[in-house]
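Read through the structure below, which is laid out as structure tokens, and then see the notes.
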Amino acid sequence: MLQETGRVVAVETDAVWVETVRSSACGRCAARAGCGHGALASISASKGLIRALTGEHVQASACAIDDEVDIELPEQAVLYGSFLVYLVPLVLAIVGTIIGEQLGELGAAAGFVAGIAAGFLLIRWLPTLTRRWAYFEPRVAAVRRPIQSIAVESH
């Protein structure tokens with residue numbers, strides 16, 4: 001499992017939105033290929049925000065805004081996701097080229113563009129078509145209360 005720590009910014013019924021701290025040193029780090037921070041930051045569409053599902057051990061109701069949480073991402077998710085992102089568009093581009101080749105060079109080029117576009121659209125909408133993808137989404141592993149709330153509770 002790849003792990004990352006972040007701060008809860010929103011709570012839903014079955015998930016929390018976590019803001020992770022992006023490091024400017026990630027581009028120069030020698031371990032970036034196997035780092036959980038780099039993997040989680042790469043799947044985030046916005047500024048360090050990741051939607052993490054709650055699971056068996058941690059429920060969304062146990063999380064509050066500004067709590068620090070540990071989130072996990074299965075290593076298979078990174079491998080399988082890389083496989084899909086690179087292979088599906090490439091295969092569809094090759095198929096489009098072969099089909100379009102019957103119309104000449106321009107047809108082959110158009111087939112390539114259509115195939116690669118179809119591949120990217122397919123991988124974009126594939127997770128919304130099936131529930132099995134929930135396994136590959138980040139999950140909340142542990143909740144830590146913010147330092148301010150610990151200091152207030154002790155007085």
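Everything numeric here is computed off the predicted structure, so don't read it as measured data. Just so it is clear, the values below take in all heavy atoms, side chains as well, and ignore hydrogens, waters and symmetry mates.
The heavy-atom pair separating A52 from V18 by the smallest distance is CB-CG2, 4.4 Å. Heavy-atom minimum distance, G107 versus L103: CA-CB, 4.1 Å. The two residues C63 and V16 have their closest heavy-atom pair at CB-CG1, 3.9 Å. D70 and T5 make their closest contact through OD1-OG1, 2.9 Å (heavy atoms, listed as atom of the first residue, atom of the second, distance). The minimum heavy-atom distance linking A118 with L92 is given by the pair C-CD1, 4.0 Å.
Cluster membership for Y80 and F120, using ILVMFWY side-chain heavy atoms within less than 4.5 angstrom, is shared. Cluster annotation: V85 is connected to V88 through the hydrophobic network of ILVMFWY side chains, with a link wherever side-chain heavy atoms come within less than 4.5 Å.
Taken to the nearest 0.5 Å, the CZ atom of F112 stands 7.5 Å off from the CG atom of L90. Interatomic distance, CD1 of I94 versus CD1 of I116, reported as 9.5 Å (0.5 Å rounding). Atom CZ of residue F83 and atom CD1 of residue I123 lie 12.0 Å apart, to the nearest 0.5 angstrom. Atoms CD1 and CH2, on I65 and W17 in that order, are 13.5 Å from each other to the nearest 0.5 Å.
The number of heavy atoms from other shown groups lying within 6.0 Å of CG (L79) is above 12.
Two residues are said to be in side-chain contact when any heavy atoms from C-beta on lie closer than 4.5 Å; W125 and L122 fail this criterion.
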